[in-house]
Amino acid sequence: MPELPEVETARRGIAPHVQGRRVAAVIVRDRRLRWPIPPALSRELPGQTIVNVTRRAKYLLFHTAGGTLIIHLGMSGSLRVVPCATPPAKWDHLDIALDNGKCLRLRDPRRFGAALWTRADPARHALLKDLGPEPFGPDFTPEYLYAITRGRKLKLRDLLLNTRVVAGVGNIYANEALFAAGLRPRRAAGQTTRADCARLVTAVRETLKRAIAAGGTTLRDFRNADGLPGYFQQTLMVYGRTGEPCRQCGAPVRAVRLGQRSAFYCPRCQR
DNA sequence: CTTTGCACCTGTTGGC
DNA sequence: TGCCAACAGGTGCAAA
């Protein structure tokens with residue numbers, strides 16, 4: 001479920017429910033996430049008021065005066081706001097109980113996600129300090145991308161997945177952005193022109209923007225807490241469409257294995 | 001320094 | 001229908 005657009009959608013859905021609320025309790029049912037949920041979270045978060053919720057890459061940051069709750073949804077995580085009395089499901093590992101009888105509930109079957117606590121500036125946290133520019137930020141420019149790719153042999157798909165290059169682009173949108181830019185996933189990053197980089201920057205931004213807009217349609221239903229997977233599926237141009245006709249030219253979409261994950265492209269529209 | 005591959009864990013899917 | 005292997009939206013880290 002969580003790529004950047006979903007994380008952003010989750011942030012927008014959750015923020016109104018938690019902003020300005022005091023944390024009444026922290027309930028840890030299973031601390032075995034990617035890193036164990038730290039005892040300091042249970043000690044220091046209760047009593048704090050959540051000032052606001054921001055996002056950096058795919059990390060959600062819940063800011064309080066005493067510190068910051070950092071949540072990552074990993075591969076299978078999801079967040080919901082439910083009445084505290086709602087019986088937890090099997091994979092509901094963490095509740096942040098609020099002062100209004102509701103709680104922020106983290107579910108994560110694969111447990112690749114994380115819930116951490118830091119008292120310092122979260123931007124300097126080990127997991128965040130080396131992240132590259134936000135896709136929508138002012139530093140993610142064609143010139144930046146051109147400069148950072150000179151002399152590099154890694155493939156464009158892997159370039160976009162590299163969080164030091166650009167923060168928060170996952171496999172789906174890396175592939176979709178490359179389609180939008182007309183560039184093949186296996187192209188060496190160093191073999192791009194300024195024009196290629198310009199198209200890629202625009203493609204990444206537009207692709208993510210459209211996905212967030214599509215996620216926005218689920219925002220209204222957020223309170224219903226229904227599972228809402230696959231809402232942007234109909235707009236995917238290449239991802240998961242092996243053998244199906246390219247929506248632009250009709251040529252069959254190809255899949256290749258890059259590393260351990262699949263890449264998809266149209267052999268005619270992408271060079 | 002750059003690139004590659006593994007590891008973490010569990011649910012779902014597709015082929016036989 | 002049942003079983004098993006392959007695969008899945010992430011990413012830090014070790015090794016090459």
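Quick note on labels: first sequence line is chain A, next is B, and so on, each numbered from 1.
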Exercise for the section: Sticking with atom P, work out how far dG5(B) lies from dC7(C), rounded to a whole angstrom. Expected result: 15 Å
Nearest whole angstrom, please: distance from the [atom2] of [N] to the [atom1] of [X].
X         : N       : atom1 : atom2 : answer
Leu154(A) : dC1(B)  : CG    : P     : 16 Å
Asn171(A) : dA8(C)  : CG    : P     : 8 Å
Ile172(A) : dG10(C) : CD1   : C1'   : 12 Å
Lys155(A) : dT4(B)  : NZ    : C1'   : 10 Å
Leu258(A) : dT3(B)  : CG    : P     : 14 Å
Asn162(A) : dG5(B)  : CG    : P     : 16 Å
Leu60(A)  : dG10(C) : CG    : C1'   : 14 Å
Leu160(A) : dT3(B)  : CG    : P     : 14 Å

Practice task
Encode nucleotides 9-16 of chain B as B, S and - characters from 5' to 3', where the letter depends on protein heavy atoms closer than 4.0 Å: B to the base, S only to sugar-phosphate, - to neither.
Solution key: BBS-----
Handout entry: Reading 5' to 3' through nucleotides 11-16 of chain C, protein heavy-atom contacts under 4.0 Å coded B for base, S for sugar-phosphate only, - for none
Key = BB----
Got a salt bridge between [X] and [Y], using NZ or NE/NH1/NH2 to carboxylate O under 4.0 Å?
X         : Y         : value
Glu8(A)   : Arg12(A)  : yes
Asp158(A) : Lys155(A) : no
Arg55(A)  : Glu134(A) : yes
Arg29(A)  : Asp95(A)  : yes

Handout entry: Side chains of Arg150(A) and Thr192(A), donor plus acceptor under 3.5 Å
Key = yes
Handout entry: Counterpart residues, side-chain contact (heavy atoms from CB on, under 4.5 Å), relative to Ala25(A) (two or more places apart)
Key = Ala97(A)
Handout entry: Within residues 172-194 of chain A or reaching into it, pairs that qualify as salt bridge (charged side-chain N to carboxylate O under 4.0 Å, His left out) - sequence neighbours excluded
Key = Glu143(A)-Arg194(A), Arg187(A)-Asp196(A)
Exercise for the section: Answer yes or no: are there more than 12 heavy-atom neighbours, outside Gln19(A) itself, under 6.0 Å from its atom CD? Expected result: yes
Handout entry: Heavy-atom side-chain contact between Thr86(A) and Arg105(A) under 4.5 Å
Key = yes
Practice task
Name the nucleic acid region contacted by Arg164(A), choosing base, sugar-phosphate or nothing; use a 4.0 angstrom heavy-atom cut-off, strictly under.
Solution key: nothing
Handout entry: Per-nucleotide pairing state of DNA chain C [Watson-Crick or G-U, under 3.5 Å; [ ] pseudoknot-crossing; | other strand]
Key = .|||||||.|||||||
Practice task
Look at the side chain of Thr49(A) and the backbone N and O of Val51(A), then say whether any donor-acceptor pair between them is shorter than 3.5 Å.
Solution key: no
Pairs under 3.5 angstrom only: tabulate donor-acceptor contacts from the side chains of residues 162-169 of chain A to other protein residues two or more places apart or in another chain.
{"residue": "Asn162(A)", "atom": "OD1", "partner": "Arg164(A)", "partner atom": "N", "Å": "2.9"}

